[in-house]
Amino acid sequence: MDWKETLNLPKTDFPMKGKLPEREPEFLKFWEEIGLYERLNQRQGPVFVLHDGPPYANGHIHMGTALNKVLKDIILKSRRMMGYRAPYVPGWDCHGLPIELNVERELGVRRGELPKNEIRKNCRAYAHRFIDIQREEFRRLGVLGDWDNPYLTMTPEYEATIAREFVKFLASGQVYRRKKPVFWCTHCVTALAEAEVEYENHRSPSIYVKFPLAEDARAALPDLPKAPVSVVIWTTTPWTLPANLAVALNPEFEYVAVKWDEEILLLAEGRLSALCAELDRDLPEILCRFDPRRLEGRHARHPFYDRESLFILADYVTLEAGTGCVHIAPGHGEEDYESGLKYGLEVYSPVDDTGHFEEDMPLFGGKEIFSANEEIIEVLREKGRLLYASEIEHSYPHCWRCKKPVIFRATEQWFISMEEAGLREKALQAIERVTWIPRWGRERIRGMVEKRPDWCLSRQRAWGVPITVFVCKKCGELLREEKYYQKVLALFEKEGTDLWFEREPKELLPEGTRCPVCGNEEFRKEEDILDVWFDSGVSFAAVLERRPELAFPADLYLEGSDQHRGWFQSSLLCAVGTRGVPPYKSVLTHGFVVDGQGRKMSKSLGNVVHPQDIIKKYGAEILRLWVASEDYREDIRLSDEILKRLVEAYRKIRNTCRYLLGVLCDFEPQKHRVPWEELPEFERYLLYRLGQLIKRVRRAYEEYQFHIVVQEIHRFCVVELSALAIDINRDRLYCDHPEDRLRRATQTILYEALEALVRLMAPILSFTAEDIYQYYPFPREAESVHLLSFPEISWPEPDEEFVESWERRLLIRGEITKALEKARQETKLIRSSLEAEVLAAVPAEKRPIFADPAYWEYLAIVSSFKVVESLPEPGEKEVLWEAEEVPGLKVLVRRAPGKKCERCWQWKPEVGSLEDYPALCSRCREVVRRLKEEGRLKE
RNA sequence: GGGCCUAUAGCUCAGCGUAGGUCAGAGCGCACGCCUGAUAAGCGUGAGGUCGGUGGUUCGAAUCCACCUAGGCCCA
């Protein structure tokens, strides 16, 4: 007969292959149908608020955004299983230049050609389009959240919040107006953002200009002979010379005074030979060397105006070109501007919107700046200030629209002061009170906040929230108090901010508003819009404070490490500036996705991987597993090999669970569960190991160390379950009578393992955990695995001695396995381990551990095990093994006596001698007899 | 160029920081073999690392310090 029919083989319909790409959507639908998110969110329990940083509503999701969202999902799911109520409100950042540029491109219009609100309408539609796209893509990843009610920075309520928070800053005196240079296209007559500038080759004048020293500077260099002394600067923009206010030297360089014909010139020593080479001159005599710090605060004379130019120090001065002495015009350059602020210089920019010098400017008033270059050079020549003039071809910023060269020009802008109300100091103190994970995040953001300049809020664009400021037309006074803005804020709340651009100040201001200084009733409204970092920076006010299910401050912000400069900082400044406290209790950062070699993903390197491709090929589950398996605090590598390894790990976990489902097919926990007190030792030991797993995994989740979770779960499936629990107990599970107490005991611990595994994996392998859960052969506690809690350890902790004794036993078992392997590979004595008999000779002190030889047959999966005083001489092919790691243990492997039982495949002496079942061993005969009596067999 | 960070077997990670001296580990992959009653599964054994490099501190360093190389993020 076919004895297979009498065995308890595993049985389950749970498929071996996940077919993830096609089946995942079914689970998404299932969760949707049962209202999973809503149900989780309605539960009681302490709240855990993870505030979502809004991705930009432009383009499809990429690996970085996928990584970020999956991490958030894992965190939230794990917190829910710890008993928290953990809502998730996703958001999108909707305003800003990239969208506006794309819309202009799609519309084929140039900046300013359409009314602001026409552009804004299109931008709004554009953002909505990509929000819908990204929403579906994020959902597909299995990320659970309030996707139907996300927060958008462009809704009327949100826009009103942005304006309201700005007004708070304004009213508290932290907002001021100042000139600052920006890229400016004189052809398009508009300011340009960094992103609107392209670098092209351009031919410019290259001139060396002499600035004579004023008396105070001359006095700082007393040793020089009597002769005119000038400092030499180099510039490629002669038209900025009228705006010159300073000359910068690098405090780290050594400077020299050299004899140059009848006069004396000053420059960095490191540039002297290069300059002489360019001017084709011999090296001049060096009269003296000096530390540039001697000149700081003293003056040179402007080369053609009757005013002075301040000597300053700046470390951005290089020796790569020029003279090591840099002409500074704070109104016409970024670094010049920074230095100007430091030294209290005026942001002087005598150039109008169309690129003409102001009319009243001496010498060049009204002239177009680029064409004035020649005249300026001529004046320098006439005044004897020109050392040398030539031309140079170099990279120069051009307008991306009209392709004409752009300039740096100072215009009025709005700032939040870091100092006025102690914002910097307060922010630095707040940083100390936040938990930064990893810890270096604190140093990083602290360094940035310490050094950052005042926050420039102005953007000369259309797609954003207006800077709501009214200015008195008569005296220029700003209306700062909140009362002036209540009306317009209320309008924003209902209708959004478009109306700011359509209505007159009179319609927006409270009736009868007069300037508090001059009493005038005419006001001008600001036209600039706010930096988008302000939009997202106030999300705590628009979302955390306004949504009933959330709370301020958040427990956690989680974004890429680039956000130390971005959202972490803008949120911190906004919250500290208006609330005095940080918006988050802790901040977790992740690194960036790089390729298998650790290089960043870029189109030019051709190493970009798209989440869509992974989902299509392997499923979102594998992407989630990838996110969880890497230590995301550093750069996160992604390659084909990594994905292949993950797929293998996934299969192992899936298959192990499949086996558990199968082997538990006749197990009813209520009826069959064996209490801990009655479990055999090995089962107790396995439970101990399961307890270890639960502890480690729970701790790893608490510490956001998901790669530990994955490693532990995978290792448990491989080692504890596959190689130990299942392999050793296979005979018992298959061959013993179904109701056998020992079999039920083994099933009990496998049941505990399954229940634990499915819960522990659920936050990461969300689809698979659900899949397994739905195939449970016994009643389920809840409708979805995601409604469950993490497993608790419901059995006693064994004492150390017990654990040690089992670890010793497993070590001994390892030695036996090695001996069996030798008998298999080298002498070909056996094939299956059941063909073997093992004789063990051990020193007296190790005897107790071998007290029960039958138990060792079971543990080593052999047909016969004997403990002997001394081993016999090994016969042909027999293997003598001296243990490597268990001192004194010697093992002999030989063929097991008897014949092979056709049912359990063990070799037993009695096989062939039993009357009714000559093919079976005595154990199997008993089982079969009983099954027959009970009518469990078909025949 | 500056700030912060990373670099352990083919892959993913432990160990490194709040204790420098059995710390060179795990799982996977690979090689070889077994099983065919988890079967496009399962089990076993084995081979892989001068702990990025060079100096230094120390009786002794993957573990502390300096520099260098490669890479990442943010600035310039």
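Side chains included, hydrogens not; waters and symmetry mates left out as well; all remaining heavy atoms used. A note on names: the letters A, B, ... follow the listed sequences, proteins ahead of strands, and every chain is numbered from 1.
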If you look at every strand shown and take non-hydrogen atoms under 4.0 Å, does A:Lys600 touch a base, only sugar-phosphate, or nothing?
-> sugar-phosphate
NA contact type, A:Glu712, heavy-atom cut-off 4.0 Å: base, sugar-phosphate, or nothing?
-> nothing
Does B:U63 pair with anything, Watson-Crick or G-U wobble, both distances under 3.5 Å, and if so, with which nucleotide?
-> none
Touch check for A:Gly598, heavy atoms < 4.0 angstrom, all strands: base, sugar-phosphate only, or nothing?
-> sugar-phosphate
Scan nucleotides 23-27 of chain B against the protein and return all N/O pairs shorter than 3.5 Å with their distances rounded to 0.1 Å.
unit_1: B:G27; atom_1: O2'; unit_2: A:His714; atom_2: ND1; d: 2.9

What does A:His707 touch in the nucleic acid at a heavy-atom separation under 4.0 angstrom: a base, only the sugar-phosphate, or nothing?
-> sugar-phosphate
Mapping A:Cys717 and A:Asp631 to their closest nucleotides on RNA chain B, which lands nearer the 5' end?
-> A:Asp631
Would you call A:Glu450 and A:Arg424 a salt bridge, taking side-chain N to carboxylate O under 4.0 Å as the test?
-> no
Detail all sub-3.5 Å separations between protein N/O atoms and N/O atoms belonging to nucleotides 3-5 of chain B.
unit_1: B:G3; atom_1: N2; unit_2: A:Arg444; atom_2: NH2; d: 3.3

Tell me the partner of B:C35, counting only Watson-Crick (N1-N3 plus N6-O4 or O6-N4) or G-U wobble (N1-O2 and O6-N3) with both under 3.5 Å; none if nothing fits.
-> none
Any ion pair linking A:Asp736 and A:Arg923 (charged N to carboxylate O, less than 4.0 Å)?
-> yes
Quote, to the nearest angstrom, the P distance that separates B:U58 from B:C65.
-> 16 Å
Side-chain donor/acceptor of A:Arg439 to base of B:G17, under 3.5 Å = yes
At under 4.0 Å between heavy atoms, what does A:Gln825 touch on the DNA or RNA strands: base, sugar-phosphate, or nothing?
-> base
Just grab all the side chain to side chain donor-acceptor pair (under 3.5 Å) pairs involving residues 720-730 of chain A, residues at least two apart or on different chains.
-> A:Lys652-A:Ser722, A:Glu683-A:Asn729, A:Arg689-A:Glu720, A:Arg715-A:Glu720, A:Asp727-A:Arg730, A:Asn729-A:Arg732, A:Asn729-A:Thr746, A:Asn729-A:Tyr858
Report yes or no: is there a donor-acceptor pair, N or O only, under 3.5 Å between the side chain of A:Ser722 and the base of B:A38?
-> yes
Is A:Lys180 positioned over the aromatic face of A:Tyr337, cation under 6.0 angstrom from the ring centre and no more than 45 degrees off axis?
-> yes
Do A:Lys900 and A:Trp905 meet the cation-pi criteria used here (NZ or CZ under 6.0 Å from the six-membered ring centre, within 45° of the axis)?
-> yes
May I ask you to check whether A:Trp455 and A:Phe415 place their ring centers less than 6.0 Å from one another?
-> no
Which one is paired to B:C23, where only Watson-Crick or G-U wobble pairs with both distances under 3.5 angstrom count?
-> none
Scan every strand shown for a Watson-Crick or G-U wobble partner of B:U57, both distances under 3.5 Å, and answer none if you come up empty.
-> none
Is it true that A:Asp771 and A:Arg23 have a side-chain N and a carboxylate O under 4.0 angstrom from each other?
-> yes
Assign A:Trp3 to base, sugar-phosphate, or nothing according to its heavy-atom contacts below 4.0 angstrom with the strands shown.
-> nothing
Contact class for A:Glu335 vs. all strands (heavy atom < 4.0 Å): base, sugar-phosphate, or nothing?
-> sugar-phosphate
Mate of B:C30 where both pairing distances stay under 3.5 Å, Watson-Crick or G-U | B:G46
A:Asn655 has its side chain closest, among B:A41, B:U18, B:C34, to B:A41
In B:G49, glycosidic geometry as syn within 90° of 0 or anti otherwise | anti
Kindly give the heavy-atom pair with the smallest separation between A:Cys717 and A:Thr656, and that separation in Å.
-> CB-OG1, 3.7 Å
Report the relative orientation of the aromatic rings in A:Tyr701 and A:Phe706; use parallel for angles under 30°, tilted for 30 to 60°, perpendicular for over 60°.
-> tilted
Got a donor-acceptor pair under 3.5 Å from the side chain of A:Arg658 to the base of B:A41?
-> no
Salt bridge or not for A:Asp2 and A:Arg903, using N-O below 4.0 Å?
-> no
Just name whichever nucleotide pairs with B:G71, Watson-Crick or G-U, keeping both distances under 3.5 Å, else none.
-> B:C5
Nucleotide opposite B:A14 in a Watson-Crick or G-U pair, distances under 3.5 Å = none
